[in-house]
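Taking it in order: structure first as structure tokens, then the write-up.
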Amino acid sequence: MPPEENPPSAPGMRAPLNWGVIALLLALLLAGVALRIFAPPPYATGGHDEFLYMRFVQELNVAGISYYPAIVQDYNANQLKADPADPDVAKLPPTRFLYIFCASCWDQAFYHPTGDKDNTKESIADALLSLHAISCLFSILTLPLAALFAFRLGGARFSVGVLALVACSPMQIYVSRHALIDGFFAFWALLTLWLLWECLRNPGRLLWLAAYAVSIALMVLTKENAFFVFVAVCGILIVNRWAKFGTVNPALLIATFGGAALGALGIVLLAGGVGHAVETYKILVTQASHLAYAIRTGDGPWYRYLLELLIMSPLILLLAIGGVFNLRGENKPQIFLVCFVAFSYLVMCNVKYGMNLRYTNMWDMPLRYLAFWQIGLLCAHFGRHKTLALVCAMACLCIFDLRQYHLFFVEYGIYEPVPRDLLHAVKLMVY
């Protein structure tokens, strides 16, 4: 039998799913979609990472998926001969397959439906537009996923509140406006986290287990950052012994490690063998430690992510931290999300020259769930006016986050949200 539902986390925080709530969810979803499609600035190419992904999409378009091992091996050969200090040398590996493959499918579906594949400038531009379309699409798909996950954790009111906050998240909008992999990866990380919750709460359900294993496999095929999520998942499974989120059984362990193994097998096949796959990741780690840009922007103390999140979304972070101090044993959904952020943070903050605020997109929904819960606790003190207070507080939070997006990415035109530029935008650094 699945565990019983948790008691309400705060007075008035649970509400039934009725037509009014559904209409509100749809309105918030449409608003979030509009922000991701039409928010300024308009999409323009120019980022180093974007052009690297474009090259892989173009090669896949021309040669086909059967040629992918040759793409990986050519990458390895070129990188081994290249000067690590050369900023024009490609650093991103083609083993980030799923993002590249989805962009290739989009390109061939909407730009080259007749199968004409070439290396003209127009075709290259189409590959970049396809990458941007995939980034935007999966940032949009994160909205209903966040709402559904929040509903399963806390009910309809949490679903509405979390959807509103995620819709206005500066970093979620930012990744939708560029041909970058981070929003795409955040979707698969969040899907894995939700399916883990469902597997814990519904032990032995084969459909949940299969979806969970496939999600992990696809996440591994997306980016090597899947290691951060996998460590967090393992941490949650260990903590479950005391936190009692649900049931950890052999089937769940098999799905967890089997999904990771399936994804790793996919990487090996795409690379043309274990040796080539290992070589690709060795090159990535070696070059990251010598790349001037990574050394200049990717290092920092363990609290760097806290500082950057405090600059980008200070109210969300402070409310989420406040929620941590209000945790009780019965708040299992909140503890579950805190464990995910804490365990993944523990790994991410120890990667030398590998820190970037874009990686924190996978924490957006957990942090905003905790922030909304904390707002509910605070607004409960307003008695019969608590709903009005909650609505006003949520409106202020959403407006403030949108203002933050405008400040950093429109007014200051930041392309890469690194500490130096963020501090300059808030006038804590002058250069």
Side-chain angles (χ1 to χ4, degrees), residues 5-6 8-10 12-37 39 135-176 183-202 208 211-212 215 313 316 319-320 323 331-334 336-337 340-341 360-376 387 390-391 393-395 397-399 401-402 405:
E5 290 293 326
N6 296 316
S9 300
M13 291 302 286
R14 286 188 180 272
L17 187 62
N18 52 44
W19 287 112
V21 172
I22 293 173
L24 183 55
L25 285 169
L26 288 175
L28 291 172
L29 178 60
L30 289 175
V33 170
L35 285 170
R36 281 147 181 77
I37 296 176
S135 295
C136 186
L137 173 63
F138 276 81
S139 181
I140 289 171
L141 292 176
T142 299
L143 293 171
L145 175 59
L148 178 58
F149 189 11
F151 176 76
R152 297 292 292 175
L153 289 172
R157 191 167 296 189
F158 271 97
S159 184
V160 172
V162 170
L163 178 57
L165 294 177
V166 172
C168 298
S169 165
M171 288 302 296
Q172 287 286 334
I173 300 173
Y174 159 76
V175 295
S176 74
F184 183 84
F185 176 79
F187 171 85
W188 294 109
L190 185 60
L191 180 63
T192 297
L193 185 63
W194 168 49
L195 293 172
L196 172 61
W197 173 261
E198 296 294 351
C199 288
L200 287 167
R201 307 292 286 180
N202 302 277
W208 286 122
Y212 170 62
S215 177
S313 295
I316 294 294
L319 284 166
N331 305 132
K332 298 188 187 302
Q334 290 85 344
F336 178 82
L337 296 175
F340 172 72
V341 174
T360 66
N361 269 269
M362 65 180 184
W363 296 339
D364 262 335
M365 182 273 174
L367 290 177
R368 279 159 173 74
Y369 187 99
L370 292 167
F372 180 71
W373 177 57
Q374 176 66 7
I375 294 172
T387 301
L390 181 62
V391 171
M394 288 293 296
L397 275 178
C398 291
I399 292 170
D401 261 358
L402 292 176
Y405 173 81

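Values below: all heavy atoms of this structure, side chains included; hydrogens, waters and symmetry mates excluded. On a predicted model such as this, the values are computed, not experimentally measured, just so you know.
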- Would W363 and F340 satisfy side-chain contact (heavy atoms from CB on, under 4.5 Å), going step by step from the backbone distance to the final call? CA-CA 8 Å; W363 296 339; F340 172 72; 3.9 Å; yes
- Apply the test side-chain contact (heavy atoms from CB on, under 4.5 Å) to residues I140 and I37: give CA-CA distance (whole Å), side-chain angles for both, the deciding distance (0.1 Å), then the verdict. CA-CA 9 Å; I140 289 171; I37 296 176; 4.0 Å; yes
- Show your working on side-chain contact (heavy atoms from CB on, under 4.5 Å) between L35 and L402 and close with a plain yes or no. CA-CA 10 Å; L35 285 170; L402 292 176; 3.8 Å; yes
- Begin from the C-alpha positions of L153 and W194 and carry the test side-chain contact (heavy atoms from CB on, under 4.5 Å) through to its verdict. CA-CA 9 Å; L153 289 172; W194 168 49; over 6 Å; no
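The two residues G161 and M394 have their closest heavy-atom pair at O-CE, 3.3 Å. Nearest approach of P170 to D401, heavy atoms of both residues: CG-O, 3.4 Å. Nearest approach of L367 to A320, heavy atoms of both residues: O-CB, 3.7 Å. Residues V175 and G183 approach most closely at CG2-CA, 3.7 Å, considering heavy atoms. Residues V166 and L143 share a closest heavy-atom pair of CG1-CD2, 3.9 Å. Closest non-hydrogen pair, I316 versus A371, comes out as O-CB, 3.8 Å.
Formation of a donor-acceptor pair under 3.5 Å by the S215 side chain with backbone atoms of A211 is not found in this model. The backbone N or O of A147 sits less than 3.5 Å from a side-chain atom of S159, completing a donor-acceptor pair. Judged by distance alone, the side chain of T192 and the main-chain N or O of W188 form a donor-acceptor pair under 3.5 Å. Between the side chain of R368 and the backbone N or O of L165 there is at least one donor-acceptor pair closer than 3.5 Å.
Checked against the 6.0 Å centroid criterion, the rings of Y405 and Y174 do not qualify as a close aromatic pair.
With rounding to the nearest 0.5 angstrom, the CG atom of L319 is 11.0 Å from the OG atom of S313. Here the CD1 atom belonging to I22 is positioned 7.5 Å from the CG atom belonging to L26, to the nearest 0.5 angstrom. From S139, atom OG reaches atom CD1 of I173 across 8.0 Å, with rounding to the nearest 0.5 Å.
Counting heavy atoms from C-beta on, the side chains of N361 and T142 never come closer than 4.5 Å. Side-chain contact check for L337 versus F149: some heavy-atom pair is nearer than 4.5 Å. Contact of the F372 side chain with the R157 side chain is registered, since non-hydrogen atoms from C-beta on lie closer than 4.5 Å.
When Y212, F336, F151, Y369 are each tested for a ring-ring contact (aromatic ring centres under 6.0 Å, His included) with W197, only one passes: F336.
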